[in-house]
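Just below is one structure, and these are the notes that go with it.
As the structure is a computational prediction, the values presented were derived from the model and not from experiment. Quick note: residue numbers are just sequence positions, from 1.
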Amino acid sequence: MRRPYGWRDAVMIQLWDGRQAPGRWISGLPAFRYGWAPDGLATRRQLRANGLCPGGQEPYALLVWRHDRAFAWLYRLDLAQPRPIPTPAQQDALARAMAARRWCAGCQRHADHCVARSTGLCGDCMAKAADNAA
């Protein structure tokens, strides 16, 4: 197997299923370059896209890019669990919370977007306030 380009200190890391993959050790965790993570590992976003969640497992490895300045946790797919489905009460609470984020304090109506938390005003009311201040 080829060594990842630019990783002079890359070693072969023994995986949980007996396979080996080129990577490094960072803070006690195996680290893989972007695009070099072995099959069977996924980020939280990838798990979410497949309808899964980590299910309480600790991160197994790191995915690093941008010269080690950016990273993402990698989780094992075989330990991932189905994503919990929100109950009707939870869905109702989320709908109420989103409605509260769209309420404009200036014109006392719902905006078609989330209003700024700092002012509590929709875009139209903020424009009117700016015109009045000028």
P30 versus Y60, closest heavy-atom pair with distance
CD-O, 3.3 Å

Are there over 12 heavy-atom neighbours, none belonging to Q108, within less than 6.0 Å of that residue's CD?
yes

Under 4.5 Å between any side-chain heavy atoms of Q20 and P38, yes or no?
no

Atom pair CD1/CD of I85 and Q90 - distance to nearest 0.5 Å:
11.0 Å

What heavy-atom pair brings L77 and A42 nearest, and what distance separates the two atoms?
CD2-CB, 3.8 Å

If we check side-chain contact (heavy atoms from CB on, under 4.5 Å) with W73, which of these qualifies: L41, L62, L63?
L62

Can you name the closest pair of heavy atoms from T119 and M126 and give their distance?
OG1-SD, 3.9 Å

Run the side-chain contact (heavy atoms from CB on, under 4.5 Å) check on R102 and C122 step by step: do they pass?
CA-CA 8 Å; R102 289 188 171 100; C122 65; over 6 Å; no

Tell me whether L79 is reachable from L52 by hopping between hydrophobic residues (I, L, V, M, F, W, Y) whose side-chain heavy atoms are closer than 4.5 Å.
no

Taking atom CG as the centre, does D131 end up with more than 12 heavy-atom neighbours from other residues, nucleotides or ligands that are less than 6.0 angstrom away?
yes

Search all heavy atoms of F32 against all heavy atoms of A61 and return the closest pair with its distance.
CE1-CB, 3.7 Å

Could you state the interatomic distance from SG (C53) to CZ (R83), rounded to the nearest 0.5 Å?
8.5 Å

Taking every non-hydrogen atom, the tightest pair across L47 and A80:
CD2-CB, 3.9 Å

Tell me the closest heavy-atom pair linking D124 and R109, and the distance in Å.
OD2-NH2, 3.8 Å

I'd like to know whether CZ of R48 has more than 12 heavy-atom contacts from other residues, nucleotides or ligands below 6.0 angstrom.
no

Around R19, counting heavy atoms of other residues, nucleotides and ligands shown, do more than 12 lie under 6.0 Å from its CZ?
yes

Is R76 reaching over with its side chain to a backbone N or O of Q57, donor-acceptor style, under 3.5 angstrom?
no

